[in-house]
Amino acid sequence: MKEAGVSPNVVTYNSLMAGATRGHTLSKCFDMFEVMLEMGIVPDAWSYNTLIHCLFKYGQPDEAYRVFNDILLQNIYPCQTTYNIMMNGLCRNGYIKNALILFRNLERHGYIPETMTFNILINGLCKSEKWKDTMKLFEELQQSGFSPNAITYTTLMKCCFKHKHLRKGLEIFSEMKNKGYAYDLFSYCTVIGALLKSGRTQEANKYVAFMIKIGYQLDIASYNTLINMHCKAGKLENAFNLLNVAEESGLECDIYTHTILIDGLCKAGNIVDAERHINHLNSMGFYCLVAFNCFIDTLCKLGHIDYALQVFHSMDVKDSFTYSSLVHNLCKARRYRLASELLLSSIKAGLKILKSDKKAVFEGLTLTGSVKDVQTFKLKVRVAKLLNY
DNA sequence: CTAGGGTTAG
């Protein structure tokens, strides 16, 4: 543009800011905003929307809120999108309450929310495990004059599946189909994924058949779902064949693809290839925590707990799955002392622990340790929890 | 410029 003698305007810089946000750089987005100011170009609502979105996306809710307040003081009027971005950003940074307060305040000032606004809040409520409030808002959406769409239904379904309400989730899928929103690839992947996870292979196959019949252009996420289906059935060869099909159609496999295949290899008992695949990923600079978790869990189940511990200690990042697999399997192997130490470490790391793991450790210690040991351990757990909250 | 899908433990 510069060479052609064309001067950039506000739209040019808005585009650059949006691109920077997608390309994962907060600083670049800011740079573009500043260059725009230096050039004497006046930012518009779009510029601020993008800036606010970028700040939320990269975990700076306070700054985002400051920018929002700044524009209220200027002559720039926030639009529907501004408010949507605010509510979405608040939800994603753990401020669902504030998002709802903003929503209700806006309503009082005559703001009419659209389907997307509801979807943002429904998603936020789902993620913060508030099922009743979620359904209340869903009711509100239906009475608002706007209609729920495929995104609304998929969000609700995923929330059901996450909380093991498989039947309720399938009911929502039926409702969605009856209302004519079923021609949607995302919703099929959600349903199939949930069925596979709960071991309902037959039903999963049924929906896969529907999905194929509709004739969607499959993307990598849907291929991952199908590859997972073959892995769960123990048909590794089919899984790898499908991987080839995906790659031949120009798709690039991602971290999910690798993880699904590694888990498939593990579950098929092929720990040699699973480890090879993990090392291959590492050598390319990918650290895949979930794949490590699958590997550790399988090692434990096959009785190689000490090797699992070795892998565990070599890991830079661990999560509740990593700890839980080891704690559970150490208990099964009656190695309660070590299990209790790991359980304590995970609490200290601020991770969520399973009731079943805690129970197994307590019962194991009670069975094999002295009463004093058990009491000391309980005290340590309590202290660790207090320090976390 | 903003909303939904796909991977692991129990």
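The sequence lines fix the lettering, A, B, ..., with proteins before strands; numbering per chain opens at 1.
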Got a salt bridge between [X] and [Y], using NZ or NE/NH1/NH2 to carboxylate O under 4.0 Å?
| X | Y | result |
| --- | --- | --- |
| A:K352 | A:D319 | no |
| A:R66 | A:E63 | yes |
| A:E107 | A:R104 | yes |
| A:E175 | A:K179 | yes |

Within this structure, what is the [atom1]-to-[atom2] distance between [X] and [N], rounded to whole angstrom?
| X | N | atom1 | atom2 | value |
| --- | --- | --- | --- | --- |
| A:I122 | B:dG4 | CD1 | C1' | 11 Å |
| A:I71 | B:dT2 | CD1 | C1' | 14 Å |
| A:N119 | B:dA3 | CG | C1' | 5 Å |

Tell me whether the side-chain N/O atoms of [X] come closer than 4.0 Å to OP1 or OP2 in [N].
| X | N | answer |
| --- | --- | --- |
| A:K158 | B:dG4 | no |
| A:N84 | B:dA3 | no |
| A:K57 | B:dT2 | no |
| A:K301 | B:dG10 | yes |
| A:R22 | B:dT2 | no |
| A:K318 | B:dA9 | no |
| A:N123 | B:dA3 | no |

Test for a donor-acceptor pair under 3.5 Å between the base of [N] and the side chain of [X], counting only N and O atoms.
| X | N | answer |
| --- | --- | --- |
| A:T154 | B:dG4 | yes |
| A:K164 | B:dG10 | yes |
| A:N149 | B:dG4 | no |
| A:N88 | B:dT2 | no |
| A:D184 | B:dG4 | yes |

For this session: For A:I227, report the nucleic acid contact type (base, sugar-phosphate, nothing); a contact means any heavy atom under 4.0 Å.
Result: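 No contact.
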
For this session: Looking at every strand, decide which applies to A:L185 at a 4.0 Å heavy-atom threshold: base, sugar-phosphate, or nothing.
Result: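 Contact class for A:L185: base.
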
Problem set entry | For A:A99 against A:L121, the heavy-atom pair lying closest together |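 A:A99 and A:L121 have their closest heavy atoms at CB-CD2, 3.9 Å.
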
Exercise. Within 45° of the axis and under 6.0 Å from the centre of the six-membered ring of A:F161, does NZ or CZ of A:K197 qualify?
Worked result: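 So A:K197 doesn't make the cation-pi contact.
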
Problem set entry | Strand contacts (DNA chain B) in residues 167-180 of chain A, 4.0 angstrom heavy-atom criterion |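 Here the set is empty: none.
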
Problem set entry | Residue-level proximity of residues 319-350 of chain A to DNA chain B when a heavy atom falls under 4.0 Å |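 Output list: A:F321, A:S324, A:S325, A:H328.
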
Exercise. Out of B:dA3, B:dT8, B:dG10, which nucleotide sits closest to the side chain of A:N293?
Worked result: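 Out of B:dA3, B:dT8, B:dG10, the nucleotide with an atom closest to A:N293's side chain is B:dT8.
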
With no hydrogens and no angle check, is any side-chain donor or acceptor of [X] less than 3.5 Å from a backbone partner on [Y]?
| X | Y | result |
| --- | --- | --- |
| A:S128 | A:K130 | no |
| A:T25 | A:T21 | no |
| A:Y65 | A:Q60 | no |
| A:N228 | A:L196 | no |

